[in-house]
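The structure appears below as structure tokens.
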Amino acid sequence: MSHEGPLLVHTPQKDSSKASLTVDLNKVSPHTVNPFMYGKFCEHLGQNIYHGMDAQILRNPTFGKWQFGAGESSIHGGSMAEIDQKKIEPQAERWSKGLGLPPSAQLYAAYRDTLAFFWSRLGTKDEVRTSADVGPNGDRAQRVEIQTGASPERGIAQWTALPTHRTRSYQYRVIARAQRPVAVKFTLSASADGGQTLSTLAATQLSVGEDWQTLTGTFEIDANEKLPEGSNFRVALTTDGPANLVFGRVLLYPSDHVQGFDPDVIAALKAAKLPLLRWPGGNFVSGYRWRDGVGPIDARPTRTNPAWDGLEYNFMGTDEFVAYCKIVGCEPFICVNGGDGTPEEAAAWVEYCNGSVKTPMGRLRAENGHPEPYNIRNWEVGNEISGSWQVAWTYSGGYADRYMRFTAAMLKADPSIQLQACGACGEITGEWTSRLISDCTPRLRSITYHILNGCGVNSETDPTELYHAYMGHSVELSKQFEEVRRTMLDAGIKQPRVSVTECQLFPRFRDEVKPGAKLTPATTIRPSTISEALYMTLLVNACIRMGDFVEMFTHSATVNHGGGLRKIKERVFGEPVHHAHVMSVPLMKGRTVAVDLACATYDTDTSFSQIPKLAGVPNLDALAVLSEKKDALILMLVHRSATAGPVQLSLDVKNFAAGPHAEVVTLADEVPYGENTAQEPTRIQPRLSSAKVTDGRVALTLAPYSLTRVTLKKS
């Protein structure tokens, strides 16, 4: 029978060491678990796409004018460039230490002498002169004038890691010209931590002529060569005699790349059966020109990142993003530039993706090698437009006006697309949402929200209060979403929807650690910890229990930004929240089942950012799902209390002929700040066990800081 009542009925009890859970298969909801509840988000930020999803290894491969951030936004939104050299030098040092590169003084000195950041000089300043120049398409290029001298090597170099655990074959692409034809040595060498060259592993000779040319080839490292774990490598371009060269690009890919992307990241996302991927922003999109990211890659411009430090090389544009989604097997979800973009620009983007070859933009797509329309259905109009950090941010009335103009243009380009309006960042039920509903009802179907709860913490912060606040946030969010649903229905929106398009927990430790500190940076919960896995699961469970009102949930983010995958020195490993996503795969397309939960509760006495003081939060959370084939009952159980200790849970399943044993998969750690690291990449991962089933009853012990998936299969 179908069940329209609440999917979680909680009865408080005093004994925190015991709990009971009853699941009745006569109370199956008509709603299925939408796979889009387990989506991800990616943005051109830090090492999320480049040096994350992307396989290209070298940094600043286009020799662009690197932007160091000033640490604050301009009054118009977007990043401000740092121009104070005294503040740039320590930033260079942080990059050097963070990436395990040679001493920062070497990088910074080369940067001060007009060599593109991340590249270093080989030889003295008199032997190797560097200056900015212009590439074949008008971008910044790197001039290198090499004189005679006593140094054994003269030229430029970069230190990097290589994925030698996977492959010893590497493909290069060099775009260069010379005042006069010259032979350039291109070498790949092993390197010590201090940057000293140990041995040449592979080398080739490039014949660079007077005109711009693209030189390609492959480096092969001998399979018998012993390479220290986690070692650095050096890529160098040198000449034996005088030369006057201009380098436009130097790129290096592992030969096992998948259409330019990291195969380890792709394998991990496939393991999670990623259903949906949101791109390209994030804050980045509010200053993004999508036309920069289409056409031949080597003709695309390098731009200053409009929202973050560094550069945008435009290696991953629309066509690459769609290709990536096809490789992974997920749906693409595009967020358009609702900041300094125009409705016409957004409509042209829709036409490029979905228009026939008879349309101007469809014709351009075909000229770029993709004659068939991409038929991208899901589009979001802007990102965090309410935030003063956003390029061309505005107030509620300004966004309502933009939304109506953007949607009119985009729907004219393709009336079949599904549009989502940008909600206020940090506010669910306030003035932004009410203005959006009152002004945009004729074309409003869905509102997106970002659950990015950042709060400042210090030595005096109670770690239990902090943890309990985040773990109880799903209870408060459910109430707020219900209020939004009622408001949308009252306005005449017949099938209202909301989405969560970014989500992370963000406590930030501020100030110095004081003696006797309650909390330290090391014990603060972060997106990389087990707490993020529990936080995400609790929020998703709450959204699923709201039926079809929440239509997608794209957690932040894929690689190296927040929780998900981590890529350090070209090695990829899963953080706890990635494993939580993998554990959730069997729930997709199943039907939710009502549960009755009896357990103790907790209260909080402190508010943190958007999370108010909480009362009566159940120590446990439970979601029950009848699998798509109706042959298994799957439960996702979260122990979210830091004070209850282990809980003896009595599970009673009614009207389901279960087999004699239940499969139990547990993701847990002994502390809420436990995480995986490069040194211990598998410290926290799912552990498999089993439990006896007797007459539909199962006895389980749930540890604190744990996510447990229990699967009962039909006998």
Side-chain angles (χ1 to χ4, degrees), residues 34-45 48-50 52-56 257-282 284-285 288 290 293-295 297 300 312 314-337 346 349-355 361-362 365-366 368-380 383 410 414 416-420 448 499-502 551-561 564-565 567 572 578 581-582 584-585 588-589:
N34 184 351
F36 283 3
M37 298 303 293
Y38 297 98
K40 295 291 283 186
F41 152 61
C42 62
E43 178 183 1
H44 297 254
L45 159 62
N48 184 11
I49 290 178
Y50 304 126
M53 297 161 62
D54 191 48
Q56 200 285 130
H257 69 83
V258 181
Q259 295 183 41
F261 299 112
D262 189 303
D264 284 342
V265 174
I266 287 172
L269 296 180
K270 281 186 173 183
K273 294 193 181 299
L274 183 69
L276 181 74
L277 185 59
R278 175 180 179 256
W279 171 87
F284 170 83
V285 77
Y288 177 55
W290 72 266
V294 298
I297 283 184
R300 297 178 191 175
E312 172 52 44
N314 285 302
F315 295 162
M316 183 170 176
T318 304
D319 300 317
E320 290 75 27
F321 171 64
V322 173
Y324 193 87
C325 290
K326 288 181 179 178
I327 293 167
V328 171
C330 65
E331 287 286 326
F333 173 23
I334 290 180
C335 179
V336 303
N337 181 353
W349 201 355
V350 173
E351 184 177 282
Y352 183 87
C353 292
N354 297 352
M361 291 297 100
R365 184 193 63 244
N368 290 333
H370 309 280
E372 294 301 317
Y374 293 140
N375 295 320
I376 297 176
R377 298 272 66 84
N378 296 293
W379 297 77
E380 186 177 8
N383 175 86
M410 294 170 73
D414 184 351
S416 71
I417 60 176
Q418 299 282 338
L419 292 172
Q420 302 201 38
T448 66
S499 291
V500 177
T501 53
E502 293 185 35
E551 64 180 353
M552 59 178 64
F553 195 112
T554 54
H555 178 262
S556 311
T558 45
V559 191
N560 291 333
H561 166 47
L565 301 172
K567 184 174 177 180
V572 178
H578 169 73
H581 267 110
V582 174
S584 303
V585 168
M588 297 177 186
K589 298 184 180 181

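Along the sequence shown, residues are numbered consecutively beginning with 1. Just so you know, these numbers come straight off a predicted model, no measurement behind them.
One finds the OH atom of Tyr374 at 9.5 Å from the CD1 atom of Ile334 (value rounded to the nearest 0.5 Å). In this structure, the separation between CZ on Arg300 and CD on Glu312 is 10.0 Å, given to the nearest 0.5 Å.
Using a 4.5 Å heavy-atom cutoff, the side chains of Trp349 and Asn337 are not in contact. By the 4.5 Å heavy-atom criterion applied to side chains, Leu277 and Met53 are counted as neighbours. When side chains are defined from C-beta on, Asp414 does not count as touching Glu351, because their heavy atoms never get closer than 4.5 Å. Within the 4.5 Å cutoff, side-chain heavy atoms of Leu269 are placed close to those of Leu565. Counting heavy atoms from C-beta outward, His257 and Ile266 have side chains that stay 4.5 Å or more apart. Side-chain contact check for Asn383 versus Phe284: every heavy-atom pair is 4.5 Å or farther apart. Looking only at side-chain heavy atoms (C-beta outward), His44 and Tyr288 stay at 4.5 Å or farther from each other. Side-chain contact between Val350 and Ile417 is present, with at least one heavy-atom pair separated by less than 4.5 Å.
In terms of modelled atom types and a separation under 3.5 Å, the side chain of Lys40 and the main chain of Thr554 share no donor-acceptor contact. With hydrogens and angles ignored, the 3.5 Å screen pairs a side-chain donor or acceptor of Asn48 with a backbone N or O of Glu43. In this structure, Arg377 contributes its side chain and Gln418 its backbone to no donor-acceptor pair below 3.5 Å. Proximity of a side-chain donor or acceptor of Asn354 to a complementary backbone N or O of Ile376 within less than 3.5 Å is detected.
Taking the six-membered ring where tryptophan is involved, the planes of His561 and Phe41 are perpendicular, since the angle between them exceeds 60° and thus also 30°. Between Trp279 and Phe321, the angle of the ring planes stays under 30°, which puts this pair in the parallel group of the 30/60° scheme.
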Open item on the list: Could you go through Glu320 and Phe315, starting from their C-alpha distance and side-chain angles, then the distance that decides it, and tell me whether this counts as side-chain contact (heavy atoms from CB on, under 4.5 Å)?
Closed with: CA-CA 8 Å; Glu320 290 75 27; Phe315 295 162; over 6 Å; no
Task: Derivation and outcome, side-chain contact (heavy atoms from CB on, under 4.5 Å), residues Met410 and Val336 - done: CA-CA 10 Å; Met410 294 170 73; Val336 303; 3.8 Å; yes
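Residues Tyr352 and Trp290 place their aromatic rings such that the two centres sit under 6.0 Å apart.
Between the side chains of Tyr50 and Asn560, no donor-acceptor pair of N or O atoms lies under 3.5 Å.
Considering Arg278, Glu380, Gln420 as possible partners of Ser499, the one that fulfils the side chain to side chain donor-acceptor pair (under 3.5 Å) test is Gln420.
A salt bridge does not link Glu372 to Lys326: none of the charged side-chain nitrogens sits closer than 4.0 Å to a carboxylate oxygen.
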